[in-house]
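Could you have a look at this structure, given as structure tokens, before my questions?
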Amino acid sequence: MKEIILCKYGEIVLKGLNRGGFENELMRNVRRRLKPLGEFDLRSAQSTLYVTPLDENADVDEAYSRLKKVYGIAKLCKAVGTEKTPEAIFDAICERSGEALRSAKSFKVACKRSDKSFYLTSPELAAQLGGMILEKFPHLTVDLYGPEVTVFCEIRDGGAYIHDTAEDGAGGIPVGTSGQALLLLSGGIDSPVAGVMMAKRGVSISAIHFEAPPYTSERALMKVERLAEKMSEYCGRINFYTVPFTKIQEEIKRSCPEDYFTLIMRRLMMEIAQRIAEKNSLTALITGESLGQVASQTMAAMVTTDAVCRMPVFRPCIGLDKKEIIDISYKIGTFEISIEPYEDCCTVFTPRHPKTRPTLSEVERAQSRFDFEELIREAVDGTRVKEIKSLK
Ligand code: ATP
Ligand code: MG
């Protein structure tokens, strides 16, 4: 019996007149994620996306695990479809769950009827199917509250569907429905989490990484690319920009007071990121900052970095503890990569006594020791881009 996948929409159903656009974006994302796995038919009806394999070799199990990472899907389950008669449904239950029912002691049938024209109500259908099951498997008892096996049956417009308990999907809204932003992606734990959190709210993610060779190695860069690849299981394709940052860092060290190194560096990163964003029609920045986590992430420090920003800066980790950020990074699979011990340009020239309560005018004065404009332009011109997508 051919299994299909039912994906129940989440917030999309609340979108009123815009709903069609959200559904189309979701379909596009799903199509892209499933393309390497074989031919699938996608059909949207009654707040559900039906994913039906069309060729024998289409990998339904892998499709299911990929769909669990697609934003916009609230619940999903594998199911089999059949005709809307108790007899056909019973046959499908026996074929799909016969084994489980044979070895269980108790069961329950849960029915849901979204086709209101079906001649039995949900409790009536459940009672009838329950009776048929008891007749075939007389060792079973019905247990409505703690059954070993629950058989779900949904009567929909296009047929009856039998499935196990639906699992939680990734939630959120489809990537691509909330505009495009540029994530400042380091090799650390926080920024990949920040990017995926914004993707969950529909933002299409590009990433920018600042490298400082020879202080940072080729392998450090490859690690960040692997992080982006992992993120793309949730975010979809990522345009990945790499900025040569060495000259700027060396100049900060040469010209500016040590206590302000990190703050000036962050302001220059923001400036360069914005120029790349503006060139590529990206309308916001994202960072992995969390309030108070380190000296450059105090509120006073953020005031000095935001002062150079002409576009919104999203910091979705701002109110999370490190442990909460780590929990998310485990879940999305970036943690193991993030903790690999490679250097980041941020840690190349760290001040011994970074300012935790800088004022804007102090930082501006410290930065004005050198005119960085020429170096900023050079860094922007030297920025490389490549497209990163999940190979899985
Ligand atoms: P993360 O775990 O994301 O590295 P962090 O707690 O180590 O964060 P910082 O190193 O102070 O914090 O960096 C703060 C933010 O600045 C990062 O979350 C990231 O958005 C950005 N950032 C830091 N280093 C780089 C880099 N080399 N390239 C791009 N962005 C960076
Ligand atoms: Mg870091």
Side-chain angles (χ1 to χ4, degrees), residues 181-198 205-213 215-225 227-228 230-231 238-246 248-249 252 260-277 284-298 301-302 304-306 308-309 313-330 332 334-351 354-356 358 379-380 383-385:
L182 183 58
L183 167 71
L184 282 83
L185 181 61
S186 69
I189 294 170
D190 308 333
S191 43
V193 169
V196 172
M197 284 175 83
M198 294 310 296
I205 303 292
S206 294
I208 186 165
H209 178 70
F210 294 82
E211 62 164 3
Y215 306 103
T216 62
S217 63
E218 181 66 25
R219 293 182 66 184
L221 174 63
M222 280 162 54
K223 166 188 165 179
V224 184
E225 289 185 6
L227 275 174
K230 195 76 200 166
M231 288 172 63
I238 294 176
N239 283 331
F240 183 89
Y241 298 89
T242 307
V243 185
F245 204 50
T246 313
I248 289 184
Q249 284 198 286
I252 298 173
Y260 295 94
F261 280 178
T262 310
L263 290 171
I264 295 170
M265 186 187 70
R266 301 207 45 73
R267 282 160 58 91
L268 292 168
M269 279 184 174
M270 294 305 228
E271 179 56 46
I272 292 168
Q274 283 179 105
R275 293 195 195 186
I276 300 287
L285 301 180
I286 302 167
T287 76
E289 289 162 302
S290 156
L291 193 62
Q293 197 187 81
V294 290
S296 61
Q297 296 176 23
T298 61
M302 285 186 205
T304 74
T305 41
D306 272 359
V308 298
C309 292
V313 181
F314 296 124
R315 298 175 168 98
C317 299
I318 198 72
L320 297 182
D321 293 347
K322 194 74 187 184
K323 165 143 190 341
E324 292 169 312
I325 299 174
I326 289 174
D327 287 347
I328 300 174
S329 80
Y330 258 124
I332 62 176
T334 52
F335 182 76
E336 295 298 334
I337 307 173
S338 290
I339 59 171
E340 289 175 17
Y342 289 107
E343 62 293 340
D344 181 62
C345 72
C346 278
T347 51
V348 174
F349 304 120
T350 38
K355 285 277 176 201
T356 53
V380 170
T383 295
R384 314 183 296 282
V385 61

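In what follows, residues are counted from 1 in the order of the sequence shown. Order of appearance sets the numbers: ligands from 1, and atoms from 1 within every ligand. Only heavy atoms go into these numbers, but all of them, side chains included; no hydrogens, no water, no symmetry mates.
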Any N/O pair G288/ligand 1 closer than 3.5 Å: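 Yes: some nitrogen or oxygen of G288 is under 3.5 Å from one in ligand 1.
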Proximal ligand 1 atoms for T287, defined as those under 4.0 Å from one of its heavy atoms: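 This gives 20 (O) as the contact atoms.
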S191 side chain to G187 backbone, donor-acceptor under 3.5 Å: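 No, S191 side chain to G187 backbone: no donor-acceptor pair under 3.5 Å.
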Pair T298-T356, side-chain donor/acceptor within less than 3.5 Å: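 No - no donor-acceptor pair under 3.5 Å links their side chains.
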Heteroatom distance test (V294, ligand 1): nitrogen or oxygen, under 3.5 angstrom: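 Between V294 and ligand 1 (N or O atoms, distance only) the closest approach is not under 3.5 Å.
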Numbered atoms of ligand 1 (with element) below 4.0 Å of M269, judged on heavy atoms: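 Those qualifying, in numeric order: 24 (N), 25 (C), 26 (C).
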Ligand 1-proximal atoms of T262, by part, heavy-atom distance under 4.0 Å: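 Answer for T262: neither.
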Those atoms of ligand 1 less than 4.0 Å from some heavy atom in S191: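 Close to S191: 1 (P), 3 (O), 18 (O), 19 (C), 20 (O).
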Check: Q274 side chain, V308 main-chain N or O, donor-acceptor pair, under 3.5 Å: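 The answer is yes, because a donor-acceptor pair under 3.5 Å joins these two groups.
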Heavy-atom nearest neighbour of atom 8 (O) of ligand 1 within options D190, T305, T350: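 Shortest heavy-atom distance from atom 8 (O) of ligand 1: D190.
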Atom indices of ligand 1 within 4.0 angstrom of I208 heavy atoms, with elements: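 Counting atoms of ligand 1 from 1, those under 4.0 Å from I208 are 29 (C).
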Proximal atoms of ligand 1 relative to H209 (non-hydrogen, under 4.0 Å):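 So the answer, numbered in order with elements, is 26 (C), 27 (N), 28 (N), 29 (C).
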Atom pair NZ (K230) and CD (E336), whose distance is rounded to the nearest 0.5 Å: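 So the NZ of K230 and the CD of E336 are separated by 10.0 Å.
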F210-ligand 1 polar pair, N/O distance under 3.5 Å: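 F210 vs ligand 1: N/O contact under 3.5 Å present.
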Ligand 1 N/O within reach of I189 N/O, cut-off under 3.5 Å: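 Yes; the residue has a nitrogen or oxygen that sits under 3.5 Å from a nitrogen or oxygen of the ligand.
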Proximal atoms of ligand 1 relative to G188 (non-hydrogen, under 4.0 Å):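 Near G188, the atoms of ligand 1 are 1 (P), 2 (O), 4 (O).
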Short side-chain to backbone donor-acceptor contact, S290 and L320, under 3.5 Å: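 Flag set: sc S290 to bb L320 pair under 3.5 Å.
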Residue from I208, I205, I286, N239 passing side-chain contact (heavy atoms from CB on, under 4.5 Å) with L182: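 The option that passes is I208.
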S296 neighbourhood, listing ligand 1 atoms whose heavy-atom distance to it stays under 4.0 Å: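 In order of number, 11 (O).
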Donor-acceptor contact below 3.5 Å, side chain T216 vs main chain E211: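 No: the side chain of T216 does not pair with the backbone of E211.
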Side-chain donor/acceptor of T246 to backbone N/O of P213, under 3.5 Å: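 Between the backbone of P213 and the side chain of T246 there is a qualifying donor-acceptor contact (under 3.5 Å).
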CG on L263 to NZ on K355, rounded to 0.5 Å: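 Going from the NZ atom of K355 to the CG atom of L263 covers 10.0 Å.
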Among R266, Q293, Q297, closest by any non-hydrogen atom to atom 16 (O) of ligand 1: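 Closest candidate by heavy-atom distance is R266.
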